[in-house]
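So the structure is just underneath, and the comments pick up after that.
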Amino acid sequence: GVETGARKWEQKQVQIKTLEGEFSVTMWASDNHK
Amino acid sequence: AKSKAGMYGLVPSESFDWGPYICVNNTSGAPVSCFKHAPMGTCWGGIEEGVRIEVLNSDTNHSTKVYWIAEIVKLAGFKALLRYEGFDVDSSKDFWCNLCIPEVHPVGWCASSGKPLVPPKSIQHKHSNWKAFLVKRLTGAKTLPPDFNVKVHENTQFPFKKLMRVEVVDKNYLCRTRVALVEQVIGGRLRLVYEESQDGSDDFWCHMYSPLIHNIGWSRSIGHRFKRSDVTKKIEGQVDAPPQLFQKVRDVDQSVDWFKDGMKLEAIDPLNLSAICVATVRKVLADGYLMIGIDGSEAVDGSDWFCYHGTSPSIFPVGFCEINSIELTSPRGYTKLPFKWFDYLRETASIAAPVKLFNKEVPNHGFQRGMKLEAVDLMEPRLVCVATVTRIVHRLLRIHFDGWEDEYDQWVDCESPDLYPVGWCQLTGYQLQPPR
């Protein structure tokens with residue numbers, strides 16, 4: 001993860017499902033409990 | 001007391017919509033992280049403009065609920081102005097949405113729930129390859145934490161339950177407390193019905209973290225006046241609220257330097273929260289509590305004294321108003337104006353409470369002038385109203401109720417549990433009083 005201030009952002013492989021099919025993308029999600 | 005009671009009701013609250021109000025006035029809502037007592041107040045980090053979410057698609061012919069990805073374009077408290085992916089710079093279909101509703105999810109939720117994402121029909125034709133478009137738009141973008149919906153659920157559960165007994169200030173006799181029963185809990189706000197109320201209408205609203213409520217036995221333990229109830233038998237189901245549910249106050253050492261009877265100070269008048277007044281310590285209680293009287297307006301029997309903790313952010317040392325260019329309300333009937341503390345102390349043969357005894361902590365609260373919020377009208381505490389921060393003095397906020405004259409403004413601490421983010425009423429089901 002990457003620290004920005006007190007926040008930690010973590011890279012996530014995120015699954016996307018459309019009518020054409022399923023695939024994954026890499027996004028950032030904050031670990032907001034820290 | 002200045003009260004707006006009975007003056008509401010002209011506009012049904014359902015007709016008030018924060019979204020257009022924020023946009024038309026080109027203003028901003030105070031961030032949820034300014035309100036630590038509010039749901040999600042301590043876990044709102046990372047929710048910002050540019051974050052992508054999965055949200056209901058309202059532009060579709062599908063017979064079942066379908067979702068699409070949207071970007072947060074603007075944030076105002078719990079509410080976000082959203083734009084569906086694919087609209088690029090076209091803002092014509094932007095819409096406001098409360099982020100804490102069950103239909104808002106982190107990107108990835110639909111796939112894990114087996115629901116396909118379906119683009120809005122008005123832009124369906126724009127891309128022949130939505131996969132390539134989404135990969136390009138979403139790679140490296142931010143989304144909500146995976147447990148966002150769990151956190152929202154956890155943060156909207158409250159430990160106070162109906163029929164719990166508490167001690168609460170007597171709204172008609174501020175110097176004493178009474179026993180009351182929790183009748184309703186909405187968003188952490190309690191409707192308390194005083195014991196002995198025949199028809200249940202003698203009630204008082206406050207937040208569960210209010211400094212005005214305490215566990216049963218608190219008054220006796222600190223030497224506070226208490227109205228004994230004639231009710232001898234508890235109704236089945238009644239239980240004393242456990243002491244750990246109440247907000248803790250800071251421990252103080254009263255054995256050395258501490259407030260003493262007769263010391264002068266400045267205090268927010270609990271009957272006119274627009275005013276900071278010349279006041280006197282009337283009685284020192286245990287555990288750091290003080291009975292304070294507003295000079296010039298005290299009943300002879302002390303019935304209008306009120307209890308503040310020594311660390312309360314609502315009491316100030318002599319000179320606070322002058323230093324901060326706030327108008328100090330001089331004692332009623334005091335004719336030697338302008339009011340001068342030096343003369344007044346000499347004339348009343350009294351001393352100022354030492355500055356070192358006051359709470360001088362200023363939290364990094366994040367409020368800025370002009371920010372919108374939902375604020376309790378403390379003169380009529382069942383009402384939560386559309387309001388604006390108009391002035392900030394250290395940790396003290398001047399709250400203006402939109403559409404009302406400045407005389408109804410109230411001084412409120414930045415950590416007051418009576419302030420809420422935009423969208424709190426919608427989230428909790430509490431009625432919001434729109435601007436007059």
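Everything quoted here is computed from the prediction, not taken from an experiment. Per chain, numbering begins at 1; letters A, B, ... match sequence-line order. Values below: all heavy atoms of this structure, side chains included; hydrogens, waters and symmetry mates excluded.
Contacts of B:Val135 with chain A are made by both backbone and side-chain atoms, with heavy-atom separations under 4.5 Å. Heavy atoms closer than 4.5 Å to chain A are found in both the backbone and the side chain of B:Leu138. Interface residue A:Gln15: backbone and side-chain heavy atoms are both found under 4.5 Å from chain B.
With 3.5 Å as the limit, one finds no donor-acceptor pair spanning the side chains of B:Gln124 and B:Trp130. A donor and an acceptor atom, one from each side chain of A:Thr26 and A:Gln11, are nowhere located under 3.5 Å apart.
Residues of residues 81-103 of chain B lying within less than 4.5 angstrom of chain A, judged on heavy atoms, are absent. Heavy-atom neighbours of chain A within the stretch residues 105-116 of chain B, taken at a separation under 4.5 angstrom, comprise B:Val107, B:Gly108, B:Ala111, B:Gly114, B:Lys115, B:Pro116.
Note on B:Arg395 versus B:Glu415: salt bridge recorded, some NZ/NE/NH1/NH2 to OD/OE distance being below 4.0 Å.
The local environment of NE2 in B:His127 is crowded, with over 12 non-hydrogen atoms from other residues, nucleotides or ligands closer than 6.0 Å.
Between B:Phe78 and B:Phe35, the ring centre distance reaches or exceeds 6.0 Å. Between B:His37 and B:Tyr209, the distance separating the two ring centers is not shorter than 6.0 angstrom.
Note that CD1 of B:Ile69 and CG of B:Asn57 are 11.5 Å apart. Values are rounded to the nearest 0.5 Å.
Classification of the B:Trp44-B:Phe148 ring pair by plane angle, with boundaries at 30° and 60°, yields tilted.
Contact record, B:Gly370 with B:Thr27: O-OG1, 3.2 Å, taken as the closest heavy-atom pair.
A cation-pi contact links B:Lys142 to A:Trp9, judged by a cut-off of 6.0 Å to the six-membered ring centre and 45° from its axis.
Between B:Cys425 and B:Glu374, some side-chain heavy-atom pair lies under the 4.5 Å cut-off.
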